[in-house]
Colleague: 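Dropping the structure in here first, questions after.
Numbers restart at 1 for each chain; the letters A, B, ... are given by sequence-line order, proteins then strands.
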Number of protein chains: 2
Amino acid sequence: MKLSTKGQYGLKAMISLGVYGKEDYIPLKQIAEDIDVSENYLEQLIALLRRAGYIKSRRGSQGGYQLAVDPKDITVGQILRALEGSLAPTSCSCEDSSFECTNHDKCITQGVWIKIRNGINDVVDSIMLEELVSDYENIDKGEN
Amino acid sequence: MKLSTKGQYGLKAMISLGVYGKEDYIPLKQIAEDIDVSENYLEQLIALLRRAGYIKSRRGSQGGYQLAVDPKDITVGQILRALEGSLAPTSCSCEDSSFECTNHDKCITQGVWIKIRNGINDVVDSIMLEELVSDYENIDKGEN
DNA sequence: TCAATCCCTAGTGATTTGCTTGGGATTACT
DNA sequence: AGTAATCCCAAGCAAATCACTAGGGATTGA
């Protein structure tokens, strides 16, 4: 029942971009240093977030990445689902339900999995990226 | 972010034992048939639940398994944690915290993981095994 | 005694994870 | 126009984990 490192690094990348703001495009290299992960791997995670419409990019020299949305308009849940897929604990409790329980009316436990899924979504959709960005900025202030 | 089949089969095994009640010891074979899983695999899952004190066993002829607790005294959360370990989404958010974040004061995201963990635990600890057992019994009634 | 049952450990093929590698396309700057 | 900086993309791969299987030992009731 663990999140993969995609969710962990990817969310940190979004926080990092949130801190930089929207004036410049930040190169991959810099974000990778900030959150201590290899550039090549981070690139793949950022691609997921870009395809989801949460990050925009500019190629070439002076290029880089930037948030495509305002941190107060996006939830941690949106970010994690873009990176990890559904946060449901079983395939039979995914939102799209393309994987249905074979014995769907007799499956007692499916109700449990759906409650877990809803519980997770409630938590992560109640946290805006903005909150984490300002947490980060406050810690920096406190330490210097 | 998926539960393993341990949690899924193990919880079903507990429901099955709950339905049988405490008069007889139910042999592994019968439980395995009920929930459609191999005996050898189920045996390993039941061993986890036995070591956690939730199932008792009798060896030898006429032996088998039986709940060691009343279904109204045990939560789905206790069962899942016995099978899966902590339901925390990262090792740095486990209850025992033997895996600490290396950069523990600067880690912004740890707060998110702990909220997810608590959200999951709240859901699963609010469901008693008894509820699932009676759901099962009601479905059987409805179908025959 | 012996058949039924639980108990335990080791092995194993398939899948997923967490990357690395390497080449191509685009852009700013000179 | 050339070149360095950067993003984009797909393939490959070692290690870990998952979901079992296999098989032998211990215990108990008839």
Colleague: Once you round to the nearest 0.5 Å, how far does CZ of B/Arg81 lie from OG of B/Ser86?
Modeller: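 Going from CZ on B/Arg81 over to OG on B/Ser86, the span is 8.0 Å.
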
Colleague: Got a sec: does the NZ of B/Lys115 have more than 12 other heavy atoms crowding it under 6.0 Å?
Modeller: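 No.
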
Colleague: Does A/Lys29 have more than 12 heavy atoms from other residues, nucleotides or ligands lying within 6.0 Å of its NZ?
Modeller: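 Count not over threshold, so no.
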
Colleague: Please tell me which of the listed nucleotides, C/dC7, D/dC7, C/dT21, lies nearest to the side chain of A/Pro27?
Modeller: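 Nearest nucleotide to the side chain: D/dC7.
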
Colleague: Which nucleotide wins on minimum distance to the side chain of B/Glu43, given the candidates C/dT21, D/dC20, C/dC8?
Modeller: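 Ranking C/dT21, D/dC20, C/dC8 by closest atom to the B/Glu43 side chain puts C/dC8 first.
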
Colleague: Roughly how many Å is it from CG in B/Leu28 to P in D/dA22, rounded to a whole number?
Modeller: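 It is 16 Å, rounded to the nearest whole Å.
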
Colleague: In whole angstrom, what separates B/Tyr25's OH from C/dC7's P?
Modeller: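 Interatomic distance, OH of B/Tyr25 to P of C/dC7: 11 Å.
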
Colleague: Whole Å only: how far is the CD atom of B/Glu39 from the P atom of C/dC8?
Modeller: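 That distance rounds to 18 Å.
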
Colleague: Does a side chain donor of either B/Ser16 or B/Tyr136 reach within less than 3.5 Å of an acceptor in the other side chain?
Modeller: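 No, no side-chain donor-acceptor pair sits under 3.5 Å.
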
Colleague: Is it the case that B/Glu95 and B/Asn121 place a side-chain donor and acceptor less than 3.5 Å from each other?
Modeller: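 B/Asn121 and B/Glu95 do have a side-chain donor-acceptor pair below 3.5 Å.
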
Colleague: Would you mind reading off the distance between A/Leu49 atom CG and D/dC8 atom P, rounded to a whole angstrom?
Modeller: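 Going from A/Leu49 (CG) to D/dC8 (P), I get 12 Å.
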
Colleague: Can you check the A/Ile55 CD1 to D/dC7 C1' distance for me, whole Å?
Modeller: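 Roughly 13 Å, once rounded to whole Å.
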
Colleague: Enumerate the protein-to-nucleotides 27-30 of chain D contacts in which both atoms are nitrogen or oxygen and the separation is below 3.5 Å.
Modeller:
from, atom 1, to, atom 2, distance (Å)
D/dT28, O2, B/Ser61, N, 3.0

Colleague: Does B/Tyr65 make a side-chain N or O approach to OP1 or OP2 of C/dC7 shorter than 4.0 Å?
Modeller: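 Checking C/dC7 against B/Tyr65, a side-chain N or O does come within under 4.0 Å of OP1 or OP2.
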
Colleague: Output yes when at least one side-chain N/O atom of A/Ser57 is less than 4.0 Å from OP1 or OP2 of D/dC8, else no.
Modeller: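 Yes, because at least one side-chain N or O of A/Ser57 sits under 4.0 Å from OP1 or OP2 of D/dC8.
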
Colleague: Check the pair B/Gln8 / A/Thr90 against side chain to side chain donor-acceptor pair (under 3.5 Å), numbers first and verdict last.
Modeller: CA-CA 9 Å; B/Gln8 304 180 48; A/Thr90 62; 5.3 Å; no

Colleague: Look at the side-chain N and O atoms of B/Arg51 and state whether any lies under 4.0 Å from the OP1 or OP2 oxygen of C/dC8.
Modeller: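 For B/Arg51, the contact criterion (side-chain N or O under 4.0 Å from OP1 or OP2 of C/dC8) is met.
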
Colleague: Is any side-chain N or O of B/Arg50 closer than 4.0 Å to OP1 or OP2 of C/dC8?
Modeller: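 For B/Arg50, the contact criterion (side-chain N or O under 4.0 Å from OP1 or OP2 of C/dC8) is met.
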
Colleague: Could you give the CG-to-P distance, from B/Leu45 to C/dC7, as a whole number of Å?
Modeller: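 My rounded result for the distance is 14 Å.
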
Colleague: Return whichever of A/Ala47 or B/Asn40 has its heavy-atom-nearest nucleotide of DNA chain D closer to the 5' end.
Modeller: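 Here A/Ala47 is the residue nearer the 5' end.
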
Colleague: Got a sec: does the CG of B/Asp73 have more than 12 other heavy atoms crowding it under 6.0 Å?
Modeller: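 Yes, because the 6.0 Å sphere around CG of B/Asp73 holds more than 12 heavy atoms from other groups.
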
Colleague: NZ of A/Lys72: more than 12 outside heavy atoms within 6.0 angstrom?
Modeller: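 No - once you tally the heavy atoms of other residues, nucleotides and ligands closer than 6.0 Å, there are 12 at most.
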
Colleague: Between C1' on C/dT16 and NZ on B/Lys2, what's the gap in Å once rounded to a whole number?
Modeller: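 These atoms are roughly 13 Å apart.
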
Colleague: Strictly by modelled atom types, are B/Gln66 and B/Tyr20 linked by a side-chain donor-acceptor pair under 3.5 Å?
Modeller: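 The criterion, which ignores hydrogens and geometry beyond distance, is not satisfied for B/Tyr20 and B/Gln66.
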
Colleague: Side-chain donor-acceptor pair under 3.5 Å between A/Gln110 and A/Ser93, yes or no?
Modeller: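 The answer is no; no qualifying pair exists.
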
Colleague: Taking any heavy-atom pair under 4.0 Å as a contact, classify A/Ile26: base, sugar-phosphate, or nothing.
Modeller: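 Sugar-phosphate only.
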
Colleague: Using a 4.0 Å heavy-atom cut-off across all strands, classify B/Ile46 as base, sugar-phosphate, or nothing.
Modeller: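 Since no nucleic acid heavy atom lies under 4.0 Å of B/Ile46, the category is nothing.
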
Colleague: How close or far is atom C1' of D/dA19 from atom CD of B/Glu84, stated in whole angstroms?
Modeller: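 Answer to the nearest Å: 12 Å.
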
Colleague: Each nucleotide in nucleotides 12-18 of chain D should get exactly one letter: B, S or -. Can you fill that in based on protein heavy atoms under 4.0 Å?
Modeller: -------

